[in-house]
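Working notes, beginning with the structure itself.
The analysis underlying the following values was restricted to heavy atoms, covering all of them including side chains, and did not include hydrogens, waters or symmetry mates. Letters go in sequence order (proteins before strands), and every chain restarts at 1.
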Amino acid sequence: MAHDSYDPHEIEPRWQALWADERAFVEPNPPPSELGQNERSIYVLEMLPYPSGELHMGHVKNYTLGDVVAHFRRRNGWRVLRPMGYDAFGLPAENAAIKEGGQPRAITERNIARIREQMQRMGWAIDWDREISTHRPEYYRWTQLLFLKLLERGLAYRKESLQNWCPNDQTVLANEQVLDGRCERCGVEVEKRSLEQWFFRITDYAEALLGEMDLLEQWPERVLTMQRNWIGRSEGAEVVFHVEGTEIDLPVFTTRPDTLFGATFFVMAPEHPLVPEIVAGRPEEEAVRAYVKQAQSRSTVEREEKAKDGVFTGRSVINPVNGERIQIWVADYVLMEYGTGAIMAVPAHDERDHAFARNYGLPIVQVIAPREGEVDVQSEAYVSSSADDVLVNSGEFSRLPSPEGKRSIVNWMSAVGIGEEKVGYRLRDWLISRQRYWGCPIPIVYCERCGIVPVPEGDLPVLLPEVSDFLPKGRSPLAAAEEWVATKCPSCGGEARRETDTMDTFVDSSWYFIRYCDPRNAEAPWDREIVDHWMPVDQYIGGVEHAILHLMYARFFTKALNDLGLLGFREPFARLFTQGMIHYRGAKMSKSKGNVVAPDEMIKRFGADAVRLNILFMGPADQDAEWQDSGVEGTSRFLGRLWRTVLEAAEKPARSKVTPLVRKAHQTIAKVTDDIDRRFAFNTPIAAVMELVNEINRDPDDAGVRFAAETAVSLVQPYAPHIAEELWQRLGHERLWQEPWPTYDESLLEQKTFELVVQVNGKLRDRIEVSVKASEEDLIELARSSPRVTALLEGKEVRKTIVVPRKLVNLVV
RNA sequence: GCCGGGGUGGCGGAAUGGUAGACGCGCCCGACUUAAAAUCGGGUGUCUUCGGACGUGAGGGUUCAAGUCCCUCCCCCGGCACCA
């Protein structure tokens, strides 16, 4: 009988409408009496999308992965929280407003409408009742409240310091947003500017961010490594050097206290605040001032590339371990941002100090020696962290092994009060101020009398006013909104001005996963009981590009909110899966490279199911993958084959006979279930279902055809839900999304016979079809009597026989 | 330099220490068709004297048996790096 042919464009919208009608994927919060009973509840979350007008392949991969997990869990009897929203503040909308005119708000709303529609066309099983967007007052009101909570606890603060400034985007950037001295967004080289800005004290959490990685057993190693690198913990000591002839003490941080006796000079960063005081009134003052000025005009990149230079200050410090006078220099190879902005220089054992010493003829004294052999520290620094090294020229500490030397010197220093153990971090506090318009206003007022005054919680939200000019001018466009800026001090009622900077958008996305649990709460950012019911997120899925930025900020927020008593957990994301990127024509698929394949185009041609199937069939989801133009054609062709195969099978009666096809179906259930659940592999289940369908076509008269076809449809549902529902219905059933996940019968996993592999000396010599009931002795006998084997055994003695039941026999001669 | 992840046909990739290359793409042959598309069937690692031999970045090792475990090395990708 002839069937209609597979038409995704007819099927897909119909089922999407039905899912919406029947509220198929809406998961309301449990009633208060059931909060906390969450054994069969799971929170599946994918990273919050930025709503550009266009869905891209990265989104398709991300949300289809989540979709498979969500469907799989739901059909296995779990309550699944799977929300969606938009990371809607940010520069692109503002830049679009500058370019095309209009308000960022309107542009953003338009883009959200478009991307939502595209997502709905993908058929993702999302609870749209929980939709949020970070740019709406109902959301950012609470972002502001959380800022105030952090402020109250001393975790938000304002300070003046040298910051990364992007001259293109006309705003400061957090350290995390600078790559190789360039703006992570636009690629322009960043400058240094001294500005007063708002920070979050993430460095207070450096230890927790490292230590509590234990709670993240399921995170990919590479992400943890990146975060560890970023935090950059190093153990050492802080040692105080006294500046001769002044009242000034200068502390330095060193990881090598065992080299203290080798400190032959001292270096301060050009930006060190005490440099002017040290040289004031001295003959060297002019030269030092000139050097500092020159250093400040050089970019970070320039500083690194040039030879190490510096200038003598005319002053000396006293080396506290041996009382020796050593010269103080100012040099820009010492960074103000790390440690104390000053170092003790040990040229014998540090390459940088060595280069500097050679340039200026400063003394080089060896204090570390290998246990055996000689090194010439005059020609090259001896940099080694070997436990076999010993101290030399170090007074009473000489001849101690290096690790012991470290300990002894630190102990002695803390006893006499000149130094102590100290841990240093590379991590800096998170700079959150942005001199841009389209972001969450910082709820702060500046009053001449009262200073920095937080906006009272009851006055939130501080609404973002509409302005007409978004062109960046080095200060926030909000500063031009005079009526908005001028306000009354909440504390004294006098004249005051609002903070005009907005928050980094990473603040918005550092707590959205919490809001999803209780998205319509108008009294508070969330109800803790509800949040503790769903959170932490059981399975988080997203791009590896957020390994440091978003994932570290969100971890910090969660810990801080936990310390504030607002949450009952320390880590936001229990399990993390990072997907690989999509490449096309040799480069990462991206708008800026001009090599995007629009999912929308693909849907128009092949339907959402084929696109979904293809993106996961491409390869292991955690690896980067090259987009193949012919790929979707392949999966589309498979869906056509599935369609025809199932419709033919639908005409056959259901029988309960155990046939080879029934066994194959059970094997496929086992394989698909294990792959999705335990291995988190999404490409191989598709191959397994393809195999099953091929098998059905190979033997369409097998009595198990109908069962096998139903199994194939059921197993493919998380990947291709539209065609699966349609076929399920045509097979005479109701709603497949509500159908329990198929189970397999362990006893049917084995075929009646198997192919016995016969090896001689480990080499494949023959394959024999054998009943699974054959005993070991039978197998050996069969193997030995194979004609191809007897020829090889001729005149030889079998020394050893290995039998792997139901697999192979290996005869060793 | 340090840390992490990789390296398998023409391509994407598959393989709890047990048949290397499942599944798909591409290509070749055939069927259907006036023809084409679609679809269906068959073939497709390399070499071969058609018996086989060789083959998972290179070289060693463990094992009855290694893509898989161990050692040495090469290459590619990512992170960190003037961080004291």
Sugar-phosphate only, base, or nothing, as touched by A:S234 at under 4.0 Å among non-hydrogen atoms: sugar-phosphate

Under-4.0 Å side-chain N/O to phosphate OP1/OP2 contact, A:R298 with B:C82: no

Under 4.0 angstrom between A:N683 side-chain N/O and B:A14 OP1 or OP2: yes

Closest heavy-atom pair and its distance - A:A269, A:V275: O-CG2, 3.7 Å

pair A:V375-A:V377: side-chain heavy atoms closer than 4.5 Å: yes

Sequence-distant partners of A:W643, ring pair (Phe, Tyr, Trp, His ring centres under 6.0 Å), two or more places apart: A:Y6

Minimum-distance nucleotide to A:R352 side chain [options: B:U39, B:C82, B:G18]: B:C82

Short N-O contact, A:R228 and A:E221, less than 4.0 angstrom: yes

Proximity to the side chain of A:Y338 - top-ranked nucleotide from B:G18, B:C25, B:A84: B:A84

Protein-nucleotide distance (A:I686, atom CD1; B:C25, atom P), rounded to Å: 13 Å

Short side-chain N/O contact from A:R765 to OP1 or OP2 of B:A53, under 4.0 Å: yes

Touch class at under 4.0 angstrom, heavy-atom based, for A:R678 against every strand present: nothing

Side chains of A:E176 and A:W230, donor plus acceptor under 3.5 Å: yes

Nearest to side-chain heavy atoms of A:M226, which nucleotide of B:C82, B:G78, B:G5: B:G78

Secondary-structure stems for RNA chain B, with pairs counted as Watson-Crick or G-U when both distances are under 3.5 Å and runs at least 3 long: B:1-7 with B:74-80, B:10-12 with B:23-25, B:26-31 with B:39-44, B:45-47 with B:52-54, B:57-61 with B:69-73

Sugar-phosphate only, base, or nothing, as touched by A:N694 at under 4.0 Å among non-hydrogen atoms: sugar-phosphate

Heavy-atom pair with the smallest gap, counting every atom of A:L551 and A:Q227: CB-NE2, 3.6 Å

Full working for side-chain contact (heavy atoms from CB on, under 4.5 Å) between A:S234 and A:R426: CA-CA 8 Å; A:S234 47; A:R426 210 190 72 97; over 6 Å; no

Phosphate-side-chain proximity, A:R806 and B:G18, N/O vs OP1/OP2 below 4.0 Å: no

Sugar-phosphate, base or nothing in reach of A:R799, heavy atoms under 4.0 Å: nothing

Spacing between A:E626 atom CD and B:C77 atom C1', to the nearest angstrom: 14 Å

Rounded distance (Å) that lies between atom C1' of B:C2 and atom CD of A:E351: 13 Å

Syn or anti conformation of B:G17, syn meaning chi within 90° of 0: anti

5' precedence on RNA chain B between A:G631 and A:L179 (nearest-nucleotide basis): A:G631

Integer-rounded Å distance: B:G12 C1' and A:L616 CG: 14 Å

Ion pair check, A:E420 and A:K422, cut-off under 4.0 Å: no

Nearest to side-chain heavy atoms of A:R303, which nucleotide of B:C82, B:U16, B:C25: B:C82

Base B:C80 to side chain A:N229, donor-acceptor N/O within 3.5 Å cut-off: no

Sugar-phosphate, base or nothing in reach of A:V334, heavy atoms under 4.0 Å: base

Minimum-distance nucleotide to A:L808 side chain [options: B:A84, B:G18, B:G5]: B:G18

Parallel, tilted or perpendicular, as decided by the 30° and 60° cut-offs, for the rings of A:H349 and A:Y382: perpendicular

Nucleotide nearest A:V804 when distance is taken to its side chain, options B:G18, B:G13, B:C25: B:G18

Proximal nucleotide (of B:G18, B:C3, B:G24) relative to the A:T225 side chain: B:C3

Side chain of A:K306 (C-beta onward), nearest among B:C82, B:A84, B:G24: B:C82

C1' atoms of B:U56 and B:C83, separation to the nearest Å: 42 Å

B:G51 phosphate, OP1 or OP2, under 4.0 Å from A:R788 side-chain N/O: no

Short side-chain N/O contact to B:A15 OP1/OP2 from A:R679, under 4.0 Å: yes

Atom pair distance, as rounded to whole Å: CZ in A:F638 and P in B:G12: 23 Å

Atom pair distance, as rounded to whole Å: CD1 in A:I231 and C1' in B:C83: 15 Å

C1' gap between B:G12 and B:G6, integer Å: 16 Å

Intermediate values then yes/no, side-chain contact (heavy atoms from CB on, under 4.5 Å), A:R298 and A:Q294: CA-CA 7 Å; A:R298 289 197 277 237; A:Q294 190 195 12; 3.6 Å; yes

Interatomic distance, A:R222 CZ vs B:G78 P [rounded to whole Å]: 12 Å

Distance, rounded to the nearest Å, where A:Q579 contributes CD and B:G5 contributes P: 20 Å

Toward the 5' end of RNA chain B, by each residue's nearest nucleotide, A:E633 or A:I802: A:E633

Out of B:G13, B:G24, B:C82, whichever nucleotide has its closest atom nearest the side chain of A:R641: B:G24

A:R426 side chain, from C-beta outward: closest of B:C82, B:C23, B:A81: B:A81

A:K763 vs B:C54: side-chain N/O to OP1/OP2 distance below 4.0 Å: yes

A:K800 side-chain N/O to B:C64 phosphate OP1/OP2 under 4.0 Å: yes

